[in-house]
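Down below is the structure, laid out as structure tokens.
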2 protein chains.
Amino acid sequence: MANIREIAEAAGVSITTVSRVLNGHPYVKAEKRKKVLDTIERLEYARNVHAVHLSKGFSNMIGVVLPTISLPYFSELIEGIAEEAAKSEVHFALYQTNYQLEKETFALEQLKHRQVDGLIFCSKAMSDEELLNWRDTGPFILCQDSRERLFSTVSIPHHEAFRRGLDFLIEKGHKKIAIGLARKHGVNSHYRLEAYKEALAAIGEPYRDEWVFERSLTIADGQTLFSAWSRMDDKPTAIFVANDQVSAGLYLEARKHQVQIPENLAILSCDNQPISELLGISTIEIKTKEMGRHAFRLLQKGIRGEEAEKKILPYRLIERSTV
Amino acid sequence: MANIREIAEAAGVSITTVSRVLNGHPYVKAEKRKKVLDTIERLEYARNVHAVHLSKGFSNMIGVVLPTISLPYFSELIEGIAEEAAKSEVHFALYQTNYQLEKETFALEQLKHRQVDGLIFCSKAMSDEELLNWRDTGPFILCQDSRERLFSTVSIPHHEAFRRGLDFLIEKGHKKIAIGLARKHGVNSHYRLEAYKEALAAIGEPYRDEWVFERSLTIADGQTLFSAWSRMDDKPTAIFVANDQVSAGLYLEARKHQVQIPENLAILSCDNQPISELLGISTIEIKTKEMGRHAFRLLQKGIRGEEAEKKILPYRLIERSTV
DNA sequence: CTGAAAGCGCTTACAG
DNA sequence: CTGAAAGCGCTTACAG
């Protein structure tokens with residue numbers, strides 16, 4: 001593989017001049033520019049990016065940290081990031097964590113080693129406090145609703161949105177409401193639980209631990225949730241779950257067992273993925289792809305050294321036929 | 001940020017020695033090693049990967065080329081690749097192409113620039129002939145069943161597997177069989193169409209263009225497919241589609257319109273994603289994650305300069321209730 | 001408009 | 001076991 005020196009020699013100019021045409025700088029005589037370009041073409045020269053990165057001090061590559069790629073919510077988020085990244089010609093590496101702390105630490109370490117210019121946390125297990133220790137390592141942003149003002153974040157107002165869903169169920173006459181959370185200790189789950197307790201208090205219902213389901217993420221989790229529900233003596237009349245995969249599993253399993261929806265059981269979820277539309281499941285829409293786009297832009301700002309910023313995205317309740 | 005020279009000075013050794021402990025080389029006196037390690041810790045030193053890459057000539061990063069991330073088939077494939085990559089401590093960048101040729105070319109260009117050490121094509125629009133021109137650019141492998149022997153590939157035997165599905169429908173008494181292909185000109189689609197024509201010939205049925213549906217990839221495509229089917233005067237009694245998203249859309253839409261499955265319409269698909277199990281859709285299982293793992297290993301071999309290899313994975317017909 | 005030279009931060013023969 | 005020095009392939013003040 002030819003390098004810049006060989007191109008310079010072959011074209012009869014200096015290395016500096018080659019570098020200038022490579023970077024589209026002005027102040028190169030048209031004739032020389034052409035000669036360099038021709039030589040590059042003829043020798044099939046391709047710039048070695050590692051040398052460029054070392055010289056420039058950055059790599060135009062960011063890291064995306066997420067628990068798993070195979071949940072529609074996350075793949076949609078990535079699509080948004082990818083679209084925006086492509087426009088700016090930046091690459092991204094994926095760090096799949098399964099919510100393991102050491103995997104998240106690994107990603108931060110990569111940031112420290114300058115493997116990436118910045119990090120987008122789609123969701124994380126690490127506490128805000130701990131993440132704060134990494135602040136000087138390099139720029140990163142969260143796709144979560146964090147109250148820590150030093151973090152740049154993009155998200156919907158989780159507390160408010162979840163409360164909206166609960167109030168909707170209450171308006172429809174439900175008092176016995178169960179919820180399904182993605183994780184026990186997640187930040188979003190924390191806000192959702194808060195909203196849940198408030199809503200119960202507002203209608204004078206007691207809080208019951210057994211009506212809070214955890215680890216509800218996948219279709220299979222939705223099926224499990226149905227089994228749990230059907231085994232209960234005192235059954236909730238409505239279940240509000242974290243995403244459309246869970247509600248799809250729950251809904252289809254319920255129908256399989258001749259449970260009438262919404263008469264015997266009302267179902268509400270979040271995200272508005274295609275499957276919820278197909279099954280007619282009521283849900284709270286989140287513009288996930290849009291969120292990905294904003295995440296990328298926010299990170300770019302961080303990389304440029306701008307101050308932390310909180311971007312709040314809208315959400316919308318979509319009534320279909322399961323409530 | 002400290003660099004290796006500062007560490008050397010602070011520890012009172014040479015740069016070479018620091019590099020040796022960084023790379024775990026033997027022949028460093030324990031005492032010096034400790035001193036270096038302590039200094040690294042104290043100064044929070046992190047090696048600049050760009051310098052390492054430039055020096056070593058590779059980056060331990062591969063590129064994954066795929067049309068979209070948000071189809072379960074592809075996200076599962078990525079999970080397999082990611083698992084294996086993590087073990088070898090290699091990173092990967094995602095190149096999302098939407099089957100646009102220029103995006104695929106872009107990925108190959110990155111390979112040329114040494115941005116990545118190798119490329120995995122999960123699916124591609126580029127013809128084998130054209131891709132062949134890029135052979136000297138660097139190592140890459142395909143997750144497709146290519147007859148070009150110079151390419152390393154990992155896949156199921158598409159022709160055979162699709163034929164197996166068709167024969168299964170025929171055994172069940174179907175003669176009027178339609179198929180849904182992911183793309184018109186894909187390699188897999190090509191093999192599937194071949195198998196389709198053979199199967200029809202075997203039972204003396206004519207080939208009809210209007211019974212070959214294209215661009216069948218998503219749940220929404222499955223819904224569209226149902227509309228097309230229900231508008232037909234002469235209806236096929238069975239449809240064999242490219243993946244479980246399509247069959248799910250088709251199946252649910254059919255049920256919504258009171259079409260009895262499989263009495264009025266039999267449905268068969270490929271992949272065996274969770275949704276097919278949930279809905280009881282008969283399908284041909286592909287171990288997609290396994291395929292991702294093999295893909296990574298095959299690429300590693302290519303990077304080490306080993307010869308092209310074709311890895312054939314097993315498939316399995318899973319009978320459920322839609323045929 | 002152009003080029004010689006220093007610098008980015010590592011690795012690795014080579015000599016001891 | 002250890003270190004001085006060359007080299008990886010670029011970019012970018014600086015001087016002209």
Side chains of [X] and [Y], heavy atoms from C-beta outward: is any pair under 4.5 Å?
| X | Y | result |
| --- | --- | --- |
| B:His50 | A:His50 | no |
| B:Val64 | B:Ile81 | yes |
| A:Thr68 | A:Gln96 | yes |

Checklist entry - Nucleotide range of DNA chain D contacted by chain B, 5' to 3', under 4.0 Å to a heavy atom? => result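 So the contact region on DNA chain D extends D:dC1 to D:dG9.
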
Checklist entry - What are the two closest non-hydrogen atoms of A:His113 and B:Arg47, and how far apart are they? => result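 Minimum heavy-atom separation between A:His113 and B:Arg47: ND1-O, 3.0 Å.
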
Item to check | Nearest-nucleotide comparison on DNA chain C, the residue closer to the 5′ end among B:Arg20 and B:Tyr45 | outcome: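 Looking at the nearest nucleotide for each, B:Tyr45 comes out on the 5' side.
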
Item to check | B:Val52 or A:Ala30, whichever maps to the more 5' nucleotide of DNA chain C | outcome: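 The answer here is A:Ala30.
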
Checklist entry - Mapping B:Ala51 and B:Ile15 onto DNA chain D by nearest heavy atom, which one lands closer to the 5' end? => result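 The residue closer to the strand's 5' end, by nearest nucleotide, is B:Ile15.
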
Checklist entry - Mapping A:Lys56 and B:Tyr27 onto DNA chain D by nearest heavy atom, which one lands closer to the 5' end? => result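 Upstream on the strand: B:Tyr27.
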
Checklist entry - Rounding to the closest angstrom, what is the interatomic distance between D:dT12 and D:dG16 at atom C1'? => result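 Here D:dT12 and D:dG16 have their C1' atoms 16 Å from each other.
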
Checklist entry - Want to know the stems of DNA chain D: at least 3 consecutive Watson-Crick or G-U pairs with distances under 3.5 Å, which are they? => result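 Stem list for DNA chain D: C:1-3 with D:14-16, C:5-12 with D:5-12, C:14-16 with D:1-3.
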
Using a 4.0 Å heavy-atom cut-off, does [X] contact any base of the nucleic acid, only the sugar-phosphate backbone, or nothing at all?
| X | answer |
| --- | --- |
| A:Arg5 | nothing |
| B:Phe58 | nothing |
| A:Thr17 | sugar-phosphate |

Item to check | Ring-face cation of A:Arg114 near A:Phe58 (centre distance under 6.0 Å, axis angle within 45°) | outcome: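 Here A:Arg114 fails the 6.0 Å and 45° test against A:Phe58.
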
Next on the checklist: Counting neighbours of NZ on A:Lys35 that are heavy atoms of other residues, nucleotides or ligands and sit closer than 6.0 Å, is the number greater than 12?
Outcome noted: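 No, NZ of A:Lys35 has 12 or fewer neighbouring heavy atoms, counting only those of other groups under 6.0 Å.
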
Item to check | CZ (B:Arg304) with more than 12 external heavy atoms under 6.0 Å | outcome: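 Counting other residues, nucleotides and ligands, CZ of B:Arg304 exceeds 12 neighbours.
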
Next on the checklist: Evaluate B:Tyr27 against B:Arg20 for side-chain hydrogen bond (donor to acceptor under 3.5 Å, both in side chains), listing each step before the verdict.
Outcome noted: CA-CA 8 Å; B:Tyr27 304 136; B:Arg20 284 204 183 93; over 6 Å; no

Next on the checklist: For B:Glu31, is there any backbone N or O sitting under 3.5 Å from a side-chain donor or acceptor partner on B:Lys29?
Outcome noted: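 Side chain of B:Lys29 to backbone of B:Glu31, a donor-acceptor pair under 3.5 Å: no, none is there.
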
